[in-house]
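Here the structure comes first, spelled out in C-alpha cells, and everything after it is commentary.
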Amino acid sequence: MPVITIDLGIIENKEKKGQLVQALTEAASSVTQIPADKFIVFIKEMERENIGVGGKLLSDILK
C-alpha cells in the first residue's frame, strides 16, 4: 500500500485534516493511477515552538 506522510504545524480543525487527507489521496491516485482506497495518509503535527525557519522559531515568527 502506498503511504503519504506530511509533517506540518498543528491543524486545529478535524474537518481541515479530512480535507487534506482527501486532497492528497485524490492527487496521488490521479497521478499514479493507483486506486484511492489503497493509500494510507499519516499527518505528523508539530508544535510551532518545535519548528525552526531561517534560524528562528516558527512560534516567534507568527506572533
Counting only pairs under 3.5 Å, give me each side-chain donor-acceptor contact of residues 3-18, with atom names and distances, residues two or more places apart or in other chains.
| residue | atom | partner | partner atom | Å |
| --- | --- | --- | --- | --- |
| Asn13 | OD1 | Glu15 | N | 2.6 |
| Asn13 | OD1 | Lys16 | N | 3.3 |
| Lys17 | NZ | Glu45 | OE1 | 3.0 |

Sequence neighbours left out, cut at 3.5 Å: what donor-acceptor pairs do the side chains of residues 27-43 make with other protein atoms?
| residue | atom | partner | partner atom | Å |
| --- | --- | --- | --- | --- |
| Ser29 | OG | Ile34 | O | 2.6 |
| Ser29 | OG | Ala36 | N | 3.4 |
| Thr32 | OG1 | Ala28 | O | 2.7 |
| Thr32 | OG1 | Ile34 | N | 3.2 |
| Gln33 | NE2 | Ser30 | O | 2.6 |

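Going from atom OG of Ser59 over to atom CD of Glu49 covers 5.0 Å, rounded to the nearest 0.5 Å.
By the side-chain hydrogen bond (donor to acceptor under 3.5 Å, both in side chains) test, Glu26 is found to be paired with Gln22, residues two or more places apart in sequence or in another chain being considered. Every side-chain contact (heavy atoms from CB on, under 4.5 Å) that Lys56 has, sequence neighbours left out, goes to Ile61. When the side-chain hydrogen bond (donor to acceptor under 3.5 Å, both in side chains) test is applied to Glu47, no partner is found at least two apart in sequence or on another chain.
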